Number of protein chains: 2
Amino acid sequence: MDDSPATTDGTPTLAQVAERAGVSPITVSRVVRLPDLVAAATRERVEAAMRELGYVPNLVAGSLASARTRAVGVLVPTVANAIFADTIQGISDTLEPLGYAVFLAQSHYDDVREEKMLSALLARRPEALIMVGSPATAAGARMLRRARIPVVETWDLPANPIDAVAGFDNKAAGVAVARHFASAGRRKLAFIGGDEPRAGRRWAGFYQAAQEAGLEPPLRLVLSRNAGAGVAAAADLTGRDGVFAANDALAFGLLAGLRLNGRGVPKDVGVVGLGDLEIGRLIFPALSTVRIDGEAIGQTAGRLTLSREGPRQIDLGFSLVIRETG
Amino acid sequence: MDDSPATTDGTPTLAQVAERAGVSPITVSRVVRLPDLVAAATRERVEAAMRELGYVPNLVAGSLASARTRAVGVLVPTVANAIFADTIQGISDTLEPLGYAVFLAQSHYDDVREEKMLSALLARRPEALIMVGSPATAAGARMLRRARIPVVETWDLPANPIDAVAGFDNKAAGVAVARHFASAGRRKLAFIGGDEPRAGRRWAGFYQAAQEAGLEPPLRLVLSRNAGAGVAAAADLTGRDGVFAANDALAFGLLAGLRLNGRGVPKDVGVVGLGDLEIGRLIFPALSTVRIDGEAIGQTAGRLTLSREGPRQIDLGFSLVIRETG
DNA sequence: TGGCCCAATGATAGCGCTGTCATTTGCGGC
DNA sequence: GCCGCAAATGACAGCGCTATCATTGGGCCA
């Protein structure tokens, strides 16, 4: 086009915009960040130069200079499991409009990987970090504390939180389900779920409440996290009349397995899931479940990230939604 | 602890590590990035200093200096829709082990927002950008071209791609479903879906193939994207005997609505979804669907991001999976 | 009319790293 | 015993911005 410095390299810099607009670099910087401080005429000239050059600010340089990245790190066990998608959505919907970006990482329920991802995330200097659950390792927790940024633990109510919390009481959820089964006259309960900490707490509450209700000790099946495992589990659940699945996906699988085994739901077995995925309402029989508002968790986590005011440990609760499966 | 410079500010810098280890900053940098270039004894000394100080490298500074961010931007319409979760997972699983981070943004099927997110993403200087679909605006496309980084468009086969593609032929999917309905003797077809480009292409193929098969012109219902809309749609579909839902979630809702309306599936109406969510296999009647391997799309996109070699427009295809709904 | 204040703009220095050369040291071969 | 070379380390400059002061030039009031 012309011989402006922009033709030298692909991406124009703020200085090149400044030169073209006949102003100093700092003025261009202000047009981008604090337009009110710049006279309208100047601003227009600068904006024209930016447009002509196709200028895209370099936030990595800006972040270094200002010590503000305008980004938050988000660490989830996995995104494929629909259960956390709403939470990610909630986070991103509350933070994106404010100019924050989301760095997403997955731990895959693996402690080593979690620690690695935590440090990879922290290396990018997010202004806050939101994770599902709590750090599994002491080293992970230490890193988070040293980072001196807001940290939000979600989907749980840790006894000893690092900073903020947006979650619910997993143990109480287990208790509620066991009591429900007991009051419905079911006697031989079972629990299916993974071996991660939150499922463990659900189990603990479930077991305890079953005992307190005078039922025989419930069975626990530790499964891998996909719905297919739920299908297979049905075969090992003969004789059980109330099953709490640690998440809805497992419950859907279980329902399918039960159908294959010719067992009636809810007549022969009651099934309760956790999460309240939309599909649960739509299938037949409609899934009874522990409703968790994953999006609210995400929104709350996002908000806790932005301000240090107010209560920082928030219990979003859950509710037992009894539909057709038990 | 002691009077090392680290006590001054929260986060120690590379220079502070260097001082404590008695080496130059560049040596510390090498221990982090190219440990083989450093003598074992020196390396151990540096590593000890890093441990003692709790050093976490500052990648934003490193990125600026090296002009490499080791990050990719990912833009999806929404993460709540389970259909893209597998793709994000595929991307992140192939890129994270190589040290890349993922910047995640959502467009919410909104052109303005998409453009905004694109430029926000680009401002962070990702080394590649992966998006579902193609930029909706010319400005968006221009930004991507100017960025001079690998760009992967997914979930579609754009006629005029910016760079790489990992997708499938949405129109052909529509054709396949219409032909299937026709050969099953269904005469009065309908299509339900959003008004976004990919759904539009599915409709186009569906419509065309229905015409070619001599059926009367199918009906198109434009719905919002949640499953609830599928439930409501059932009422407007009386008299139709074959319905293609642009995604599985809508299909689940439709199935529920049809049940409420007392219409038999597949006897009275056939229903085919798209995506092949795991649940579709588990419910009864099991959902017929156009199977898309979202995870493979993500993995392929990730791979296309890393190397400029080989074919860059990859059609991952789809397959029609007829189960119990039609 | 002089002084003061605010609006508008700029100069300077540096954020915490890494690329690109040096420079130093040890060691084998002739 | 000296030269050359590779291994190990370092000096320097600079990535593209922004924080933090200046500095300039009216406009307005006493």
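Basis for what follows: all heavy atoms, side chains included, without hydrogens, waters or symmetry-related copies. The sequence lines fix the lettering, A, B, ..., with proteins before strands; numbering per chain opens at 1. Because the structure is predicted, anything quoted here is derived from the model rather than measured.
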*asked:* Of the listed nucleotides (dT18(D), dG10(C), dG10(D)), which one gets closest to any side-chain atom of Val23(A)?
replied: dG10(C)
Please list, chain by chain and in numerical order, all residues satisfying side chain to side chain contact (heavy atoms under 4.5 Å, CB included) with [X], sequence neighbours excluded.
X         : value
Ser107(A) : Leu75(A), Pro77(A), Glu114(A)
Thr13(B)  : Ala15(B), Gln16(B)
Glu295(B) : Asp86(B), Gln89(B), Asp93(B), Asp293(B), Gln299(B)
Ser66(B)  : Arg68(B)

For atom [atom1] of [X] and atom [atom2] of [N], their distance in whole Å:
X         : N       : atom1 : atom2 : value
Leu59(A)  : dC17(D) : CG    : C1'   : 10 Å
Arg124(B) : dG16(D) : CZ    : C1'   : 15 Å
Arg70(B)  : dT18(C) : CZ    : C1'   : 14 Å
Asn58(B)  : dG14(C) : CG    : P     : 18 Å
Tyr55(B)  : dG16(C) : OH    : C1'   : 8 Å
Arg68(A)  : dG16(C) : CZ    : P     : 16 Å

*Take the C1' atoms of the five end pairs on each side of the helix from dT1(C)-dA30(D) to dC30(C)-dG1(D), derive the two axes, and give their angle rounded to 10 degrees.*
40°
*Given that Arg45(B) and Ala15(A) both sit by DNA chain D, which one's nearest nucleotide is further toward the 5' end?*
Arg45(B)
*asked:* Quick check: on DNA chain D, is the nucleotide nearest Val60(A) upstream (toward 5') of the one nearest Arg43(B), or the reverse? Name the residue that is more 5'.
replied: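 Its nucleotide being nearer the 5' end, the pick is Arg43(B).
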What N/O pairs connect the protein and nucleotides 12-15 of chain D at under 3.5 Å? Give each pair on its own line.
from	atom 1	to	atom 2	distance (Å)
dC15(D)	O2	Ala65(B)	N	3.3

*Within 6.0 angstrom of Arg145(B) CZ, more than 12 heavy atoms from elsewhere*: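 Atom CZ in Arg145(B) is crowded, with more than 12 foreign heavy atoms closer than 6.0 Å.
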*Look at Thr27(B) and dT9(D) and indicate whether a side-chain polar atom (N or O) is within less than 4.0 Å of OP1 or OP2.*
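No, outside the criterion.
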_Those residues of residues 29-40 of chain A lying under 4.0 Å from DNA chain D by at least one heavy atom_ = Ser29(A), Arg33(A)
Under 3.5 Å, side-chain donor or acceptor atoms of residues 52-61 of chain B against the rest of the protein: list the pairs with distances, not counting sequence neighbours.
from	atom 1	to	atom 2	distance (Å)
Glu52(B)	OE1	Arg20(B)	NH1	2.2
Asn58(B)	OD1	Val60(B)	N	2.9
Asn58(B)	OD1	Ala61(B)	N	3.1

Please output the side-chain donor-acceptor pairs of residues 40-51 of chain A that fall under 3.5 Å, not counting sequence neighbours, one pair per line with the distance.
from	atom 1	to	atom 2	distance (Å)
Arg43(A)	NE	Pro35(A)	O	3.4
Arg43(A)	NH2	Val38(A)	O	3.2
Arg45(A)	NH1	Ala21(A)	O	2.5

*asked:* Holding to side-chain hydrogen bond (donor to acceptor under 3.5 Å, both in side chains), I want the full list of residues that pass it with Glu115(A), two or more places apart in sequence or in another chain.
replied: Thr137(A)
*What ring pair (Phe, Tyr, Trp, His ring centres under 6.0 Å) pairs are there with at least one residue in residues 58-113 of chain B, not counting sequence neighbours?*
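Of all non-adjacent pairs touching residues 58-113 of chain B, those that pass ring pair (Phe, Tyr, Trp, His ring centres under 6.0 Å) are Phe103(A)-Phe103(B), Phe84(B)-Trp155(B).
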Tabulate below the donor-acceptor pairs under 3.5 Å that side-chain atoms of residues 160-168 of chain A make, not counting sequence neighbours, or state none.
from	atom 1	to	atom 2	distance (Å)
Asp163(A)	OD1	Arg312(A)	NE	2.8
Asp163(A)	OD1	Arg312(A)	NH2	3.4
Asp163(A)	OD2	Val151(A)	N	2.9
Asp163(A)	OD2	Arg312(A)	NH2	3.0

*asked:* Categorize Thr42(A) for me: base, sugar-phosphate, or nothing, with a 4.0 angstrom heavy-atom threshold over every strand shown.
replied: sugar-phosphate
*Provide the closest heavy-atom pair for Ala82(B) versus Ala82(A) in the form atom of the first, atom of the second, distance.*
CB-CB, 4.4 Å
